[in-house]
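Written out below as structure tokens is the structure these notes cover.
Proteins get letters first, then strands, A, B, ... in listed order; numbering begins at 1 in each.
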Amino acid sequence: MELLNQVTQFVISGLATGSIYALIGLSFAIIFNSTGIINFAQGEFVMLGGVLAIFSLNVLHLPLVVAIAVAVAVTTIIGLVFERLAIRPLKNATPLMLIIITIGASILIRGLVMLLWGKDTQALPAFSGTDPISIAGATLLPQHLWIFGVTVLVIVGCRLFFNHTISGKAMRACSFNRRAANLVGISVGRMVLFSFVISAAVGSLAGVIIAPLTMTAYDVGVMLGLKGFCAAIMGGMGSGLGTVLGGLILGTLESLGAGLISSGYKDAIAFFILLLILFIRPQGLFKKGETERV
Amino acid sequence: MKSDRIKFLVFALVVLLIPLPLSGGYLTNVLIFVGINSVLALGLNLLLGYAGQISLGQAAFFGLGAYGSGVLTTAYGLNPWLAMVVVALCVAAFAFAIGFPVLRLKGHYLAMATLGVGIIVNIAFNETVDLTGGPSGLSGIPNLQIGGLTFDSDLKNYYLVWVFALGMILLSLNLVNSRFGRGLRAIHDSEVAARVMGVNARLMKVQVFTLSAFMSAIMGSLYCHVMTFISPNSFGFHFSVELLTMIVIGGLGSVYGSILGALLLTLLPEMLRSFQDFDIIVYGLLLITMTIYLPGGLVEGIPALFRRLVPARKVAEGSDA
């Protein structure tokens, strides 16, 4: 019974962090689908969300809700500036150049945050108290509920945006065929900018809602970003249910592994899964192989 | 070909004469690391600059070399030279084995996979406390010895490291001008075309990956004996990115570019010491601006700039007359 309770507990916290990975994975997929770029600075947007929220709350003494809004807004603007300064000047860039540039941006952002706010790890207060709710012998924190709720909202929101708005449809058109999209009058450049903006917003939101649960600091972006990428890969770089499932599976496996095997190897488990998937099913867990018939 | 040989001889001569006026001071110590970083950057450049295959886990092979030698000599009392050979061969075998699945991937996926390998290895250094000392590091590694000569001063270590470095630089120079090197460049331009022309692209990519791991492992062994103390921090993701920055700054696909990049990026933190953590920002800015404005790196950029300046002056003179 003891073990069962423990396992339930690991699964609950695993699903919560898994939701975060899903959100980050989604933010990877949004950029990838409209540009073909994997943004290595994605984890930095997540980190910025958390760090900026703490800064707005503790230093600027803003109310929590406003602090969160400020954090997401500022990160979104940084996403926009990043696209303008680092991505747009490149014409006909090779994937190699894009990797190097986004890595450069990620260490630049990390370095600036470190200089401005120091290396301390800090936590955001939980959104609505820390009284645990007990379910089936395990405890659920209110913050877990916030994470699940926000994740569902963001995913539903993205789905509505991509399927039912003109801009969303235009972005999808770009992902299918940039040239054709251009021909029917869609400004591809603007859609790329949009995708960076939305992606930064989603990523920073993930950073904000996880900050009360796990501490945050200038260097948390690398790991969070990579795990989000892992979730996106599991979902086949689609922006839908696959990524969510990928994130949840990854979070749960990681939490179980950390709890039952060794907490030191927690991050290694995620990368082991990443490697396995890249080697065996690079098209994702839930996607059928690309079939093309003439 | 002949001018290449002269170039190398001049370079080797400069390298061997530099420490004489310095007579083993602080700068000699820095130049030891220039030597080590040069070879590491060169290994990555063979893979990335020539064959076009990115690796973000290069520090892992360096770390495996260092920890392999460190553990074998301290815990098992193995002869350091023997340990170096054993470790380098093991690391090469490891790279060869993982090379096949890893190098099947392309672009972003390859970058992520190599990054994953690098991070897993780094976590292993931290977690296998009994063997590696974990986060607090491994100390008491003996200096290398040959006959009655112990490499225990900066000057001796400088020559030790640079003799190895010069050997590997010469090897690389010969390699990139060989049939193998041309094959690598063909893969870089178009893997499909290279295959059509009969280049065994898959094997060649794994071979160059293995070679770069082998070179990194040897440097890792030397590093651990020079430092006599190692800790996991030196072999993390950050160092892999530093190596990447070196070759982007120096010049992708250029042997001397790697050395130039290693020289600049090893001296830079020393010069920026008073600004402490500023170096990380400088790396970031350098990576972005160099890739956008000078994708050929300094070895291409400096001559290009020179060419642009010289005719410009001629035109100006012409208009005066």
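Within the 4.5 angstrom heavy-atom criterion, only side-chain atoms of L275(A), from C-beta onward, approach chain B. Both the backbone and the side chain of T128(B) come within less than 4.5 Å of a heavy atom of chain A. For a residue to count as touching a neighbouring chain, one of its non-hydrogen atoms must lie under 4.5 Å from one of that chain's; by this rule L115(B) touches chain A with the side chain only. At a 4.5 Å heavy-atom cutoff, the contact between I233(A) and chain B is made by side-chain atoms alone. L112(A) touches chain B through backbone and side chain together, each having a heavy atom under 4.5 Å away. With a 4.5 angstrom heavy-atom cutoff, L285(B) touches chain A via backbone and side-chain atoms both.
Distance check, rounded to the nearest 0.5 Å: OG1 of T291(B) to CD1 of I100(A) gives 5.0 Å. For the atom pair CZ of R110(A) and NE2 of H238(B), the computed distance is 8.0 Å after rounding to the nearest 0.5 Å. I292(B) CD1 to I87(A) CD1: the interatomic distance, rounded to the nearest 0.5 Å, is 8.0 Å. Taking CD of E127(B) as the reference point, atom OH of Y265(A) lies at 5.5 Å (rounded to 0.5 Å). Interatomic distance, CD1 of I288(B) versus CZ of F82(A), reported as 7.0 Å (0.5 Å rounding). Atoms CD and CG, from Q53(B) and L96(A) in turn, are 9.0 Å apart once rounded to the nearest 0.5 Å.
Between F32(A) and H108(B), the ring planes are perpendicular. Angles over 60° get that label, and only those under 30° would be called parallel.
Looking at V102(B) and F279(A), their side chains come closer than 4.5 Å, going by heavy atoms from C-beta outward.
The nearest pair of heavy atoms linking F40(A) to A111(B) is CZ-CB, 3.7 Å.
The candidate with the highest count of non-hydrogen atom pairs below 4.5 Å against chain A, out of I98(B), I123(B), L110(B), is I123(B). Interface summary for chain A: among I119(B), V117(B), L56(B), the most heavy-atom pairs under 4.5 angstrom belong to I119(B).
Tested against I281(B), the residues L115(A), I107(A), I109(A) include a single side-chain contact (heavy atoms from CB on, under 4.5 Å) partner, L115(A).
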For this session: For the pair Y109(B) and M237(A), evaluate side-chain contact (heavy atoms from CB on, under 4.5 Å) and give the outcome as yes or no after the intermediate values.
Result: CA-CA 11 Å; Y109(B) 294 94; M237(A) 288 317 277; 3.5 Å; yes
